[in-house]
Amino acid sequence: MTDVAHAADRRDLAWWVDRAVQILVLAGGLSAIVFIAGIFVFITREGAGFVFDRFDFREFFFSPRWTPTSSHNPTYGALALIAGTASVTGLAMVVSVPFSLGAAVYIGEFATGRVRETLKVLVELLAAIPSVVWGFIGLSIMNPLIIQIFDVPIGLNVLNSGIILGLMAAPIMTTIAEDALKAVPDTYREAAEAMGATRWQVTFKVVLPAARNGLVAATLLGVGRGFGETMAVLMASGHSINLPTSPFDSVRALTATIAAELGETAAGSDHYQALFTLGIFLFLVTFAINFAADVFVRGGQRKHRRRGRRPAASANP
Amino acid sequence: MTSPAPGRAAGDYAVEVEDLAIRYHGKPALSGVTFQVRRNEIFGIIGPANSGKTSFLRAINRMDLMTAGMEVSGSVRVEGRDVRSWRNPYALRQRIGVVFPLPVGLPLTIYDNVALSSRLRGTRRKADLDVIVERCLRRAALWDEVKDRLDSLGSLLSGGQQQRLTIARALSQDPSILLLDEFSIAVDPVTTMRIEEVLAELRSEMTIVLVTNLVQQARRLAARTAFFLTGELVEVTETETMFEGGAQDPRTTAYVEGKFG
Amino acid sequence: MFEATAQNRRNRKVEGLFRLLFLWMTCMLILPVALVLGVLIVRGGPAISWEFLFSPPTNGMTAGGILPALVGTVWLVVVALIASVPVGVAAALYLSEYAPDNRLTRAINLAIINLAGVPSIVHALFGVGAFVIFFRFGTSILAASLTLAVMTLPVVIVATRESLQTVPLAFREACWNMGATRWQTIRKIVLPNSISGILTGVILEVSRTSGETAPIMFTGAAFFLPFLPQGVLDQTMAMSLHLFVISTQVPDVPEHMPFGVALVLISMVLAMNGISIAFRVYLRGRKKW
């Protein structure tokens, strides 16, 4: 019999094919790492000249003067752009976080069956609307509305782009938050309900605290989404470099600056490299946000896995 | 301990296990197990849940390669050869048929379920496959029930039928060893009886390792039986001796008499 | 025992209020979709005609149709799919079927999350630096589509991986136990039972790709080209950029035109999403085990 076994133990075609496929799909998996590294390498390559020769930390972060096209004294202060991005994203979050989390609670904890499925589909459709269409809506629908309602001279401002950005960031927050609620084991809810708590008491006292990490992650991803949005902000924020003092001020965001100016710069010029430097900054900040969100998501999952097991173990003496 | 038991040559054993230990993510599931399974015997393994029976079966056909966190130490020899010395573990698994606790009809037609193994090994001719499919389904006592609907989905058969389909599929590998893991757990008593009859017939052609949750099933079928308890091998004894109160360890007697487990 | 005490009644009232509040919040998110669609249909609808869809723009883009932009978007999407689907499916197969739980796998997952999270304008910068300049593709469909492909890769990977995971582990184990290799198991059991889910993901990617603007602005999409692209090294117009251009860059465009373009664009995108959702519902209803 041993001889039979030896005869059978050949690395046949199937074995080699499997090995080849394994290498091929590993290459596919690695490509994600290659691309993310490639993004960093290539934008750094284009922006490096500026970062090493011209970059002035104080000017970049503390001066609101972004005048790259000035012929005698170009300045590259990104403070106003950062403020623009921050104000728009901030307002978007103020508008969007409560509604997104509220919607997640409704879809995850209250709605059932067909209603629930329909709502999820609608949220998905909300996510599908392209950002350029949102920008167009800000430009052609929201703009006149804001002028009319608030009696201001221009409707392309923090308020306009904040609302739009809020709507754009809502689906991802709702989806991730609902996932986090779903991850809370049913045993928690049943235990609380058995003690006579009502649905909303269960939701507020048990489910939301247990899902806290996931909700933080959802908010972070929403911030990341708003922070990086380009077209909608470009079209709806008024596009003027400004340290905003009210929601009715026009601003200019980091992303919009790149989109608006890159086409008019000569490759390799200071201005061109400065725009890539803004890109590096955007990349690093979103990387940090996504990384943090991932840590929170994982933390949430681990917690439930640990806690979720305990009752099962005690039920089996 | 490497030398075979007195009076028997190495070739007489289908499976030889020596100082086998299995861990999942560092947590031990089974340790210090040493025994032999003779060729063409039905070898029973009994023991309560979580005693390491399934882990033992998974070590025999090298499922540790496919299972995250599963580590095997010690040695398992199949037909005299250490399973870890196989350069092509897939070829090893082809020689070992496996039947699971919950029947797994693959989402293919009944015909394709049974023909799959032969096809993977390169048999293409319809006539050859027809012969194999009919033979295996007949031996698994399923042919009469499904011969008119071989092209319906195997995964939609009833539990008992799916379990016999799983056995037919295992037989289509033409295995020298058949591992059964609590096959009757989701099967009605009548089907269980029919499968037990099938196993008794198969004994002349292959070695059968029967892990079972029913001690009486081991008694009906197995020549010798091992008792596993919480990750350890308590003893291996002739089945009759074990059930007649001749077990070496009092825990074995207590278990077969239904005092715990 | 079931007597309604005052406490009980109050609880029920509060519960009802909360329910209503959350429902209202949900509706506030969903209502805009309906409003936007309604406005676009009312104001863009009159612009739509055979001539609008199938003729090039004229008079400095203040009249005529959108044919080159429509065709250009199809080019961009098709080339992007050819580049990203094989890579994405391979990556998903690796993560779902082969990857051990180790540092490399975690790094790949983190990279995917970040690819999805990097701002689209940064993807555009990457496209300029890598495809336009370094690989010398110039501003072309190829450069733009590859940029889109990298950007939407996570969509394919995540959808494919989810679809692969719906095939129960027991099927894989049964196959492995018969001596099937991992690849044989994938080919015979896993892929046939997840291919429709993968297709759903691809449709979603089409939807996503056709609406993107920033990544193609500097890599291959042109403001105005009166002719259709002949190959992947040509520049092209695109629906999304066309909407941006005629609504912000070109003076004296009659109002119905950008609304018409927006309506066509959003119809394409929502149709794709609709197909993908319908497909999913159909799949859920069909039971194979």
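Letters A, B, ... mirror the listed sequences (proteins, then strands); counts begin at 1.
For A/Glu117, the part lying under 4.5 angstrom from a heavy atom of chain C is the side chain only. Of the two parts of C/Ile108, the backbone and the side chain both hold a non-hydrogen atom closer than 4.5 Å to a non-hydrogen atom of chain A. For A/Pro171, no part lies near chain C; criterion is any non-hydrogen pair under 4.5 Å. If you measure heavy-atom distances from A/Glu46 to chain C, the contacts under 4.5 Å come from the side chain alone. A/Leu125 touches chain C through backbone and side chain together, each having a heavy atom under 4.5 Å away. Only the side chain of A/Tyr272 has a heavy atom closer than 4.5 Å to any heavy atom of chain C. In this structure, the portions of A/Val133 lying under 4.5 Å from any heavy atom of chain C include both its backbone and its side chain. In this structure, chain A has a heavy atom under 4.5 Å from the side chain of C/Leu40, while its backbone stays farther away. Both the backbone and the side chain of C/Leu125 come within contact range of chain A, judged by heavy atoms closer than 4.5 Å. Neither the backbone nor the side chain of C/Arg187 comes within less than 4.5 Å of any heavy atom in chain A. For C/Ile186, no part sits under 4.5 Å from any heavy atom of chain A, backbone or side chain. With a 4.5 Å cut-off on non-hydrogen atoms, C/Val118 touches chain A through its backbone and its side chain both. In this structure, the portions of A/Leu262 lying under 4.5 Å from any heavy atom of chain C include both its backbone and its side chain. Only the side chain of A/Gln201 comes within less than 4.5 Å of a heavy atom in chain C; its backbone stays farther off. The contact between C/Leu153 and chain A is made entirely by side chain atoms (from C-beta outward), counting heavy-atom distances below 4.5 Å. With a threshold of 4.5 angstrom between heavy atoms, A/Leu139 approaches chain C through side-chain atoms but not through N, CA, C or O. The contact between C/Arg182 and chain A is made by backbone and side chain atoms together, counting heavy-atom distances below 4.5 Å. For C/Leu23, the parts sitting under 4.5 Å from any heavy atom of chain A are the backbone and the side chain alike. Contact annotation for A/Leu26: both backbone and side-chain heavy atoms come within less than 4.5 Å of a heavy atom of chain C. With a threshold of 4.5 angstrom between heavy atoms, A/Asp18 approaches chain C through its backbone and through its side chain. Contact of C/Val39 with chain A is made through the side chain alone, with heavy-atom distances under 4.5 Å. In this structure, the portions of A/Ile33 lying under 4.5 Å from any heavy atom of chain C include both its backbone and its side chain. For A/Phe136, the part lying near chain C is the side chain, with the backbone staying farther off; criterion is any non-hydrogen pair under 4.5 Å. Heavy-atom distances place the side chain of A/Thr174, and not its backbone, under 4.5 Å from chain C.
Chain A forms the most heavy-atom pairs under 4.5 Å with one residue out of C/Val281, C/Leu95, C/Ile157, C/Ile133, and that residue is C/Ile133. Note: A/Phe287 leads A/Trp15, A/Phe287, A/Phe291 in heavy-atom pairs under 4.5 Å with chain C. Ranking A/Thr286, A/Ile289, A/Thr203 against chain C, the residue ahead of the rest is A/Thr286, based on heavy-atom pairs under 4.5 Å.
Across all non-hydrogen atoms, the minimal contact from C/Ser247 to A/Met235 is OG-CE, 3.4 Å.
Taking non-hydrogen atoms and a 4.5 Å limit, the residue list of residues 253-261 of chain C in contact with chain A, ordered by number, reads C/Pro258, C/Phe259.
With rounding to the nearest 0.5 angstrom, the CZ atom of C/Arg43 is 6.5 Å from the CD1 atom of A/Ile141. A/Ser100 OG to C/Met25 CE: the interatomic distance, rounded to the nearest 0.5 Å, is 9.0 Å. With values rounded to the nearest 0.5 angstrom, A/Ser31 atom OG is found 8.0 Å from C/Leu115 atom CG. Here A/Glu124 contributes atom CD and C/Ser276 contributes atom OG; the two are 6.0 Å apart, rounded to the nearest 0.5 Å. For the atom pair CE (C/Met217) and CG (A/Leu234), the distance works out to 6.0 Å, reported to the nearest 0.5 Å. The distance from the CZ atom of A/Phe204 to the CZ atom of C/Phe18 is 4.0 Å, given to the nearest 0.5 Å.
Not counting sequence neighbours, A/Ser140 has no partner by the side chain to side chain donor-acceptor pair (under 3.5 Å) test.
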